[in-house]
Student: 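Could you have a look at this structure, given as structure tokens, before my questions?
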Amino acid sequence: MKPAAFEYHAPGSVEEALELLTEHGWDAKPLAGGQSLIPAMNFRLARPAVLVDLNGIEELTFIRGADEGTDEAPGSSGSNDGVRIGAMTRQRAVERSPLIARRAPLLSETMPHVAHPQIRNRGTIGGSAVHADPASEIPAVLLAMNAKCRIRGPEGERTVAAEEFFLGLFGTVLAPDELLLEIELPGRRPRRGCAFREIARRHGDYAMAGIAASLTLDKKGAVDEARLAYLSVGGAPSLAAGAAEALVGAQPTEEVIREAARVAAAEDVEPMEDMHASARYRARLVEVLTRQALTTAAQRASGASNP
């Protein structure tokens with residue numbers, strides 16, 4: 001099929017894009033990589049009256065250290081103060097970035113699981129975040145990493161934590177006249193370990209279940225902070241509060257990890273049943289993947305292994 005008729009605009013700046021979104025409101029739809037929007041339009045599941053193409057806005061494409069004002073370049077600072085990613089940065093650029101590998105290894109580890117290289121060549125980090133697909137890897141990683149989202153609208157800028165950014169199935173806090181400008185990820189810290197795991201029928205397919213996990217240990221080796229974010233097991237990307245509570249304050253032993261995984265599967269997620277897997281099977285995947293991810297994250301946090 002082909003999309004329904006629409007009006008097309010290609011702004012050259014954020015200000016011009018915001019003017020168009022303000023003028024057309026809910027009738028307008030921003031176009032980033034288009035890897036989800038264009039197929040939806042072709043099947044007429046989405047029928048925006050106005051398409052605002054963001055691909056000409058160069059100021060939204062960058063990977064920078066959070067402590068730096070310039071784009072990533074050879075010999076850039078080795079500081080560990082996090083990384084800022086422009087919303088229109090291609091997923092493939094994120095995947096290949098040495099800066100992200102150093103400062104945000106969980107995101108670097110996850111990117112090869114996102115669809116296929118052809119998709120990642122066009123898809124953007126911000127487009128995936130704003131689409132808020134509960135089966136997408138990127139929103140889960142942003143939750144696990146406690147990312148911050150910088151947003152601009154007619155009334156100015158605001159920064160929203162990832163936990164507040166995602167509202168539900170394909171829903172975010174963005175108003176129709178606002179744009180996501182960049183995502184900021186915290187840098188690596190001592191005694192912090194991360195890991196990503198998912199199960200899909202074929203590599204590149206949507207996962208039947210997945211987890212992005214981050215553990216921070218205190219000086220005695222006990223869990224100081226735990227963030228476990230899941231994909232494909234509910235109506236929205238979500239954090240596992242019960243499993244985190246079972247971990248904090250305890251040594252990450254095999255027994256503790258098994259109990260946290262049990263809690264995650266039994267209490268923290270509400271997997272749905274579809275043609276690919278039953279809810280019971282997805283819950284079992286959550287338990288197994290949580291054990292695997294937490295074991296790896298704990299080893300990395302203690303320095304026993306590296307990403």
Side-chain angles (χ1 to χ4, degrees), residues 63-66 72 79-85 89 91-115 120 123-126 128-129 133-149 161-163 165-166 182-200 207 209-217 223-233 237-240 243-244 247-248 252 257 260-261 264 286 289-307:
I63 298 174
R64 299 171 183 160
E72 177 179 24
S79 172
N80 217 14
D81 292 331
V83 61
R84 295 159 51 207
I85 309 172
T89 304
Q91 295 165 4
R92 193 69 161 165
V94 173
E95 178 183 357
R96 292 177 169 179
S97 166
L99 185 64
I100 289 175
R102 291 197 307 272
R103 299 192 181 190
L106 178 58
L107 181 59
S108 187
E109 179 181 354
T110 301
M111 292 310 300
H113 295 274
V114 178
R120 299 195 296 274
T124 64
I125 188 81
S128 182
D133 188 335
S136 174
E137 292 85 358
I138 290 173
V141 171
L142 298 185
L143 281 172
M145 295 190 68
N146 197 21
K148 295 180 180 179
C149 304
E163 291 177 58
F165 184 79
F166 301 107
E182 70 174 37
I183 295 167
E184 183 173 347
L185 304 172
R188 298 184 66 176
R189 293 292 181 265
R191 297 181 297 277
R192 175 180 293 168
C194 304
F196 180 84
R197 293 288 187 278
E198 72 173 23
I199 290 289
I211 173 178
S214 173
L215 284 183
T216 304
L217 306 182
V223 178
D224 185 52
E225 181 186 35
R227 297 180 68 87
L228 287 69
Y230 293 90
L231 57 131
S232 288
V233 290
S238 58
L239 287 170
L247 289 164
V248 173
I257 287 174
V286 165
L289 293 174
T290 301
R291 288 206 310 265
Q292 293 176 352
L294 288 178
T295 299
T296 300
Q299 290 172 347
R300 291 172 174 174
S302 65
S305 66
N306 295 313

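In this chain, numbering begins with 1 at the start of the sequence shown.
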Student: Look only at the side chain of R227 and the backbone of S214, and say whether a donor-acceptor pair between them is shorter than 3.5 Å.
Tutor: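 Absent.
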Student: Using a 3.5 Å distance criterion without hydrogens, assess whether the side chain of T89 forms a donor-acceptor pair with backbone atoms of I85.
Tutor: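 No.
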Student: Could you check if a side-chain atom of L217 sits within less than 4.5 angstrom of a side-chain atom of V223, using non-hydrogen atoms only?
Tutor: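 With C-beta onward as the side chain, the pair touches.
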Student: Are side-chain heavy atoms of I63 and I100 found at a separation under 4.5 Å?
Tutor: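 Yes - at least one pair of side-chain heavy atoms lies under 4.5 Å apart.
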Student: Tell me which one of K148, M145, R84 satisfies side chain to side chain contact (heavy atoms under 4.5 Å, CB included) with L185.
Tutor: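 So, applying the side chain to side chain contact (heavy atoms under 4.5 Å, CB included) to L185 and each of K148, M145, R84, only M145 qualifies.
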Student: Kindly say whether A207 contributes a backbone atom to a donor-acceptor pair with the side chain of S232 at under 3.5 angstrom?
Tutor: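 Checked: pair present.
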Student: Please check this pair: side chain of T296 against backbone of A293, looking for a donor-acceptor N/O pair closer than 3.5 Å.
Tutor: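 No; judged by distance alone, with no hydrogens or angles, the pair does not exist.
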Student: Does one side chain, of S108 or R102, offer a donor that lies under 3.5 Å from an acceptor on the other?
Tutor: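 The criterion, which ignores hydrogens and geometry beyond distance, is not satisfied for R102 and S108.
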Student: So do F196 and L231 actually touch side chain to side chain, heavy atoms under 4.5 Å?
Tutor: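 Yes, side chains in contact.
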Student: Less than 4.0 angstrom from a charged side-chain N to a carboxylate O is my criterion; do E109 and R197 meet it?
Tutor: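 Between R197 and E109 there is a salt bridge, with a charged N closer than 4.0 Å to a carboxylate O.
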Student: Could you check if a side-chain atom of L215 sits within less than 4.5 angstrom of a side-chain atom of E225, using non-hydrogen atoms only?
Tutor: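 No, their side chains stay 4.5 Å or more apart.
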Student: Does V286 form a side chain to side chain contact (heavy atoms under 4.5 Å, CB included) with I211? I'd like the steps, not just the answer.
Tutor: CA-CA 8 Å; V286 165; I211 173 178; over 6 Å; no
Student: To check you understand the geometry: which heavy-atom pair defines the closest contact between A162 and L142, and what is its length?
Tutor: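 Of all heavy-atom pairs spanning A162 and L142, the closest is CB-O, 3.6 Å.
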Student: Using a 4.5 Å cut-off on heavy atoms from C-beta on, say whether the side chain of L143 contacts that of F165.
Tutor: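 No; the side chains remain at least 4.5 Å from each other.
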Student: Would a distance-only check, ignoring hydrogens and angles, find a side-chain to backbone donor-acceptor pair under 3.5 Å from T295 to R291?
Tutor: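 Answer holds: yes.
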Student: First locate atom CZ of R189, then atom CZ of R192, and finally report the distance between them rounded to the nearest 0.5 Å.
Tutor: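 Reported to 0.5 Å precision, the distance equals 6.5 Å.
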Student: So, R64 and E184, do they make that salt bridge, N to O below 4.0 Å?
Tutor: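 Not counted as a salt bridge, because no side-chain N and carboxylate O are separated by less than 4.0 Å.
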Student: Looking at CG of L289 and OH of Y230, how far apart are the two atoms once the value is rounded to the nearest 0.5 Å?
Tutor: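 Rounded to the nearest 0.5 Å, the CG-OH separation comes out at 8.5 Å.
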Student: Going by heavy atoms in the side chains, are L247 and L228 under 4.5 Å from each other?
Tutor: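 Touching, per the 4.5 Å side-chain cut-off.
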Student: Could you measure the distance from the OG1 atom of T290 to the CD1 atom of I257? Nearest 0.5 Å is fine.
Tutor: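 Those atoms lie 10.5 Å apart.
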Student: Is P105 close to R188 at the side-chain level, that is, under 4.5 Å between some pair of heavy atoms?
Tutor: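 The answer is yes, as the side chains (C-beta and beyond) meet within the 4.5 Å cut-off.
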Student: Any idea which heavy atoms bring F166 and P139 closest together, and the distance?
Tutor: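 In terms of heavy atoms, the two residues are closest at CZ-CB, 3.5 Å.
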Student: Could you tell me whether the side chain of R120 reaches within less than 4.5 Å of the side chain of R96, counting heavy atoms only?
Tutor: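 With C-beta onward as the side chain, the pair stays apart.
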Student: With a 3.5 Å distance limit and no angle check, can you tell me whether R191 reaches the backbone of T216 through a side-chain donor-acceptor pair?
Tutor: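 No: the side chain of R191 does not pair with the backbone of T216.
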